[in-house]
Peer 1: 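Attaching a single structure in structure tokens format; questions to follow.
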Amino acid sequence: MQLFDSSQKALLPFQPIQPGQVRIYVCGPTVYDDAHLGHARSAIVFDLLRRTLTAMGYRVTFVKNFTDIDDKIIKKVQESGRSLQELTQDYIQRYKEDMAALGVLPADLEPRATESLDAIFQLIQALLDRGIAYRTPQGDIYFDTSKDRDYCTLSHRCDEERLHRIEPDPHKRNPADFALWKACKGAEDICFDSPFGPGRPGWHIECSAMIDKYLAYHESPYQIDIHGGGADLLFPHHENESAQTRCACGQKLARYWLHNGFVTISGEKMSKSLGNSFFVKDALQIYDGEILRFYLLSTHYRLDLNFNEEDLLATKRRLDRLYRLKKRLYGIKPTQVEPSFKEAMLHALGDDLNISKALAVMDGFIKEANERLDQNPKDRGMKRKFAANIAFLGELLGIGTKDPFHYFQLGVDEETRAKVEALIEERHQAKQAKDFQRADAIRDHLAKMGIALMDTPQGTFWERI
RNA sequence: GGCGCCAUAGCCAAGUGGCUAAGGCAGGGGCCUGCAAAGCCCUGAUCCCCGGUUCGAAUCCGGGUGGCGCCUCCA
């Protein structure tokens, strides 16, 4: 396995800290709104990483947090009149539902910032004790970036010019200093009691704290294996996380830093500020979750993915091929995945999750299986192996797990279904009577309804086009 | 202004020094079929431009052009 580490900007061979075990922390969403396709992609990408490592035989511990306290959440709380708890719980629930629809496995732990205050306090205290953090007269606590000699060694994105552009804050010692604790701003604010007085944590400290509390190896070396998130988190979020942990614990936070590329719309980054967000739940009204998953999965995780319907539908056609094969193997009980197939898939994904190679392997398998089924339709042992390979794809990529007949009829309501089946029966009668004109008229009629028929020795099947 | 990513057939996209440049979608031809669909077979690019290094480059170096991102909340 080799992975691209954003910090070193290089492909590195993956070496877990403890043999056979992998600990992964991924930055989850700030829950003040519904998840958009960018959140979906990030979740899917790291879900693939987790599934791949699991399939390789590692014992994976996977943690994804929820940021449930921040300026935007507070603003929304004030606007909505709902409580912070109520609001964030609601969005967390929606997030989980969206991700489940996309086939994203739930994390082993899903900690929330407001439930990790004890760990946050400890970390801030450690930084104060070491003289890395300082308090302002207003009660805010800042991280002193000048005390961290390694500041900016993660993102490599600091420079004088940048610092001059930061809005001057007379309370900060250095322009790049960032808040660890924000003192309560008054009755309107949402605050928590702390050893430092009422207030709330800064954004970056929660991840360092939750990693420490839930995931890090505390024995030397203090670390987790992989830290992931969207490319926009590299700076300043991950840079700051990294600095906090380094200064508070004297150790690096993570061995490998992975960042996924953006989902763009018309070539522009999807973001809330641009107002071009495509929410997962809206997309799910139009496309099945598995189709969305496969589309978001089928581009390498570090590249930007320009979301558009044309590409999505082309990618769906690729997924169709898998389901057509599954249809041919209907009712076959899987045995064991073929070792050569498993090995080829994992070898491809082991190259920094090279999904293009992996899907080429999958397509090769589909083609070969179809060929051999044409030649030898009754070889049950062979069919059971093929079925096992498909089941393996389900575990590894999270696709191809549906009933194939259901898959090709997604989104068809009961009324249409009854109508289609009545017409198929009528066509069957016509065919029996050798009235092919009538039979073809029915086929054409169904085609106009968006239904394709396929006559097979087992009977006539239909699909939604 | 600083840092960085990307540019391969109609579309999506592998490939980072050397056999005939993966794979998928779309298109064309064929087999199969009462007709179809599905499946299978055949079929397409010299790799944004210019210069350089090399026996040899899509792949390395330099210079351009175009698109995008981070530097402020952001997956």
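Just so it is clear: chains get the letters A, B, ... in the order the sequence lines come, proteins before strands, and each one is counted from 1.
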Peer 1: Can you find a donor-acceptor N/O pair under 3.5 angstrom joining the side chain of A:Arg41 to the base of B:A75?
Peer 2: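 Flag unset: no donor-acceptor pair detected.
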Peer 1: Could you tell me which nucleotide pairs with B:C70 by Watson-Crick or G-U wobble geometry, both distances under 3.5 Å, or answer none if nothing does?
Peer 2: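 Answer to the pairing question: B:G2, which forms a Watson-Crick or G-U pair with B:C70.
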Peer 1: At under 4.0 Å, does any side-chain N or O of A:Lys75 touch on OP1 or OP2 of B:C73?
Peer 2: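 For B:C73, OP1/OP2 do not have a side-chain N/O of A:Lys75 under 4.0 Å.
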Peer 1: Atom NE2 of A:His237 to atom P of B:C70: distance rounded to whole Å?
Peer 2: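 The answer, rounded to whole Å, is 16 Å.
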Peer 1: Name the pairing partner of B:A38, where a pair is Watson-Crick or G-U wobble with both distances under 3.5 Å, or state none.
Peer 2: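 WC or wobble partner does not exist here.
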Peer 1: Could you check which of B:G69, B:G15, B:C35 has an atom nearest any side-chain atom of A:Lys269?
Peer 2: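 Of the options given, the side chain of A:Lys269 lies nearest B:G69.
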Peer 1: With a 4.0 Å cut-off on heavy atoms, is A:Gly38 in touch with a base, just the backbone sugar-phosphate, or nothing at all?
Peer 2: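 The answer is base, as A:Gly38 lies within the cut-off (heavy atoms under 4.0 Å) of a base atom.
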Peer 1: Which label fits A:Phe408 and A:Tyr323: parallel for a plane angle under 30°, tilted from 30 to 60°, or perpendicular past 60°?
Peer 2: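 Perpendicular.
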Peer 1: Considering only the SG atoms, does A:Cys191 lie under 2.5 Å from A:Cys184?
Peer 2: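 Yes; the two sulfurs sit under 2.5 Å apart.
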Peer 1: When you compare B:A75 with B:C47, how far apart are their C1' atoms, in angstrom units rounded to a whole number?
Peer 2: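 It works out to 32 Å between them.
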Peer 1: Is the gap between the ring centers of A:Phe62 and A:Tyr25 under 6.0 Å?
Peer 2: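 A:Phe62 vs A:Tyr25: aromatic centres not under 6.0 Å.
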Peer 1: Determine the contact category for A:His300: base if any of its heavy atoms lies under 4.0 Å from a base atom, sugar-phosphate if only primed atoms, P, OP1 or OP2 are that close, otherwise nothing.
Peer 2: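 A:His300: backbone/sugar contact only, no base atoms under 4.0 Å.
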Peer 1: When rounded to the nearest Å, what value does the distance between C1' atoms of B:U20 and B:G52 take?
Peer 2: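 Result for the C1' pair: 29 Å, nearest Å.
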Peer 1: So what's B:A58 paired with, Watson-Crick or G-U wobble, going by both distances under 3.5 Å?
Peer 2: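 None - no nucleotide pairs with B:A58, as no candidate has both distances under 3.5 Å.
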Peer 1: Counting only side-chain heavy atoms from C-beta out, which of B:C6, B:A75, B:G24 sits nearest to A:Leu303?
Peer 2: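 Side chain of A:Leu303 sits closest to B:C6.
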Peer 1: For A:Val263, report the nucleic acid contact type (base, sugar-phosphate, nothing); a contact means any heavy atom under 4.0 Å.
Peer 2: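 The residue A:Val263 makes base contact.
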Peer 1: A:Met270 near the nucleic acid: base, sugar-phosphate alone, or nothing, with a heavy-atom cut-off under 4.0 Å?
Peer 2: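 It contacts base atoms.
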Peer 1: Base, sugar-phosphate, or nothing: which does A:Ser42 touch, judged by heavy atoms less than 4.0 Å apart?
Peer 2: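 Sugar-phosphate only.
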Peer 1: Applying a 4.0 Å non-hydrogen cut-off, can you work out what A:Asp440 is touching in the nucleic acid: base, sugar-phosphate, or nothing?
Peer 2: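 Touches a base.
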Peer 1: Would you say A:Ser266 reaches B:G67's phosphate, i.e. side-chain N/O to OP1/OP2 under 4.0 Å?
Peer 2: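 Result: no.
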Peer 1: Would you call the rings of A:Phe386 and A:Phe365 parallel, tilted or perpendicular, taking 30° and 60° as the class edges?
Peer 2: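 Rings of A:Phe386 and A:Phe365: perpendicular, over 60°.
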Peer 1: Apply side chain to side chain donor-acceptor pair (under 3.5 Å) to A:Arg328 and A:Asn370, showing your working.
Peer 2: CA-CA 9 Å; A:Arg328 294 186 78 173; A:Asn370 275 320; 2.9 Å; yes
Peer 1: Select base, sugar-phosphate, or nothing to describe what A:Leu453 touches, counting heavy atoms under 4.0 Å on all strands.
Peer 2: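 Counting heavy atoms under 4.0 Å across all strands, the contact made by A:Leu453 includes a base.
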Peer 1: Using heavy atoms to find the nearest nucleotide of RNA chain B for A:Lys431 and A:Asn308 separately, return the residue whose nucleotide is more 5′.
Peer 2: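 The residue whose closest nucleotide sits nearer the 5' end is A:Asn308.
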Peer 1: Across the strands shown, which category fits A:Thr30 at heavy-atom distances under 4.0 angstrom: base, sugar-phosphate, nothing?
Peer 2: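 Sugar-phosphate only.
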Peer 1: Should B:A13 form a Watson-Crick or G-U wobble pair with both distances under 3.5 Å, which nucleotide is its partner?
Peer 2: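 Partner of B:A13: none.
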Peer 1: How long is the line joining CE of A:Met454 and P of B:C40, in whole Å?
Peer 2: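 Whole-Å distance recorded here is 13 Å.
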Peer 1: Across the strands shown, which category fits A:Phe461 at heavy-atom distances under 4.0 angstrom: base, sugar-phosphate, nothing?
Peer 2: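 No contact.
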Peer 1: Rounded to the nearest angstrom, tell me the gap between atom CG in A:Leu325 and atom P in B:G39.
Peer 2: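 Rounded to whole Å, this separation is 10 Å.
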Peer 1: Using the rule side chain to side chain contact (heavy atoms under 4.5 Å, CB included), only one of A:Val60, A:Leu105, A:Leu349 pairs with A:Arg51; which is it?
Peer 2: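 Single pass found, and it is A:Leu105.
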Peer 1: Taking atom P in both B:C32 and B:G27, compute the distance separating them and give it to the nearest angstrom.
Peer 2: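 Their P atoms lie roughly 22 Å apart.
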Peer 1: Are A:Asn65 and A:Tyr214 close enough that a side-chain donor and a side-chain acceptor fall under 3.5 Å?
Peer 2: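 On atom types as modelled, these side chains do not qualify, holding no pair under 3.5 Å.
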Peer 1: For A:Asn389 and A:Glu338: C-alpha separation, side-chain torsions, deciding distance, then whether side chain to side chain donor-acceptor pair (under 3.5 Å) applies.
Peer 2: CA-CA 6 Å; A:Asn389 287 358; A:Glu338 290 185 290; 2.8 Å; yes
Peer 1: Can you figure out which of B:G23, B:C40, B:A14 approaches the side chain of A:Asn354 most closely?
Peer 2: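 The answer is B:A14, which lies nearest to the side chain.
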Peer 1: Could you check whether A:Lys9 gets within reach of a base, just the sugar-phosphate, or nothing at all, counting any heavy atom under 4.0 Å?
Peer 2: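 Sugar-phosphate, backbone atoms only, no base.
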Peer 1: Is B:A7 paired to anything, Watson-Crick or G-U wobble with both distances less than 3.5 Å, and if yes, which nucleotide?
Peer 2: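 Result: B:U65.
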Peer 1: Please work out if A:Asp374 contacts a base, only the sugar-phosphate, or nothing of the nucleic acid, heavy-atom cut-off 4.0 Å.
Peer 2: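 Sugar-phosphate only.
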Peer 1: Over all strands shown, is A:Ala360 touching base, sugar-phosphate only, or nothing at heavy-atom distances under 4.0 angstrom?
Peer 2: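 Base contact.
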Peer 1: At 4.0 Å (heavy atoms only), tell me whether A:Arg302 reaches a base, stays on the sugar-phosphate, or touches nothing.
Peer 2: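 Contact class for A:Arg302: none.
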Peer 1: Under the 3.5 Å rule, do the base of B:C35 and the side chain of A:Asp455 count as making a donor-acceptor pair?
Peer 2: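 Checked by distance alone, the answer is yes.
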Peer 1: For the residue pair A:His204 and A:His237, does the interplanar ring angle fall in the parallel (under 30°), tilted (30 to 60°) or perpendicular (over 60°) class?
Peer 2: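 The arrangement is tilted - the two ring planes meet at 30° to 60°.
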Peer 1: Between B:C3 and B:C50, how far apart are the two C1' atoms, rounded to whole Å?
Peer 2: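 Straight-line distance between the two C1' atoms is 26 Å.
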Peer 1: Please report the distance, rounded to the nearest Å, between CG in A:Asp232 and C1' in B:C3.
Peer 2: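 Result: 16 Å.
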Peer 1: Base, sugar-phosphate alone, or nothing: which one does A:Gly364 contact when heavy atoms must sit under 4.0 Å apart?
Peer 2: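 Nothing, no heavy atom under 4.0 Å.
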Peer 1: Look at the rings of A:His227 and A:Trp257 and say which category their plane angle falls in: under 30° parallel, 30 to 60° tilted, over 60° perpendicular.
Peer 2: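 The rings of A:His227 and A:Trp257 lie parallel, inter-plane angle below 30°.
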Peer 1: Rounded to whole angstrom units, what separation is found between the CG atom of A:Leu373 and the P atom of B:A38?
Peer 2: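 After rounding, the reported distance stands at 17 Å.
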Peer 1: For A:Tyr151 and B:C3, what is the distance between atoms OH and C1' respectively, to the nearest whole Å?
Peer 2: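 The answer, rounded to whole Å, is 14 Å.
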Peer 1: Measure from NZ on A:Lys367 to P on B:A22 and round the result to the nearest Å.
Peer 2: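 Taking atom P of B:A22 as the reference, NZ of A:Lys367 is at 13 Å.
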Peer 1: Can you tell me the Watson-Crick or wobble partner of B:C47, both distances under 3.5 angstrom?
Peer 2: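 Matched B:C47 with nothing under the 3.5 Å cut-off.
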Peer 1: Has the side chain of A:Asp304 got a donor or acceptor atom sitting under 3.5 Å from an opposite partner on the base of B:G69?
Peer 2: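 Per atom types, no contact qualifies.
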Peer 1: How many whole angstroms separate atom CG of A:Asp311 from atom P of B:G24?
Peer 2: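 Rounded to whole Å, this separation is 17 Å.
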Peer 1: Which listed nucleotide (B:A75, B:A26, B:C35) is nearest to the side chain of A:Arg317?
Peer 2: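 Among B:A75, B:A26, B:C35, the one nearest the side chain of A:Arg317 is B:A26.
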Peer 1: Between the base of B:G34 and the side chain of A:Arg427, is there a donor-acceptor distance below 3.5 Å?
Peer 2: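 Yes, the side chain and the base share a sub-3.5 Å donor-acceptor pair.
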Peer 1: For the base of B:C12, is there a side-chain donor-acceptor partner from A:Arg318 under 3.5 Å away?
Peer 2: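 By the distance-only test, no, there is no pair.
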Peer 1: Could you tell me how far B:U65 sits from B:G30 if I compare only their P atoms? Round to whole Å.
Peer 2: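 Their P atoms lie roughly 50 Å apart.
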Peer 1: Taking atom C1' in both B:A9 and B:A45, compute the distance separating them and give it to the nearest angstrom.
Peer 2: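 The answer is 4 Å between these two C1' atoms.
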Peer 1: If we take the P atom in both B:C41 and B:C55, what is their distance in whole Å?
Peer 2: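 Taking atom P in both B:C41 and B:C55, they lie 43 Å apart.
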Peer 1: Paired with B:A26 by Watson-Crick or G-U wobble geometry, both distances under 3.5 Å: which nucleotide is it?
Peer 2: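 Answer to the pairing question: none, since B:A26 forms no Watson-Crick or G-U pair.
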Peer 1: Could you measure between the two C1' atoms, the one in B:C12 and the one in B:A22, and give it in whole Å?
Peer 2: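 Looking at atom C1' only, B:C12 and B:A22 are 14 Å apart.
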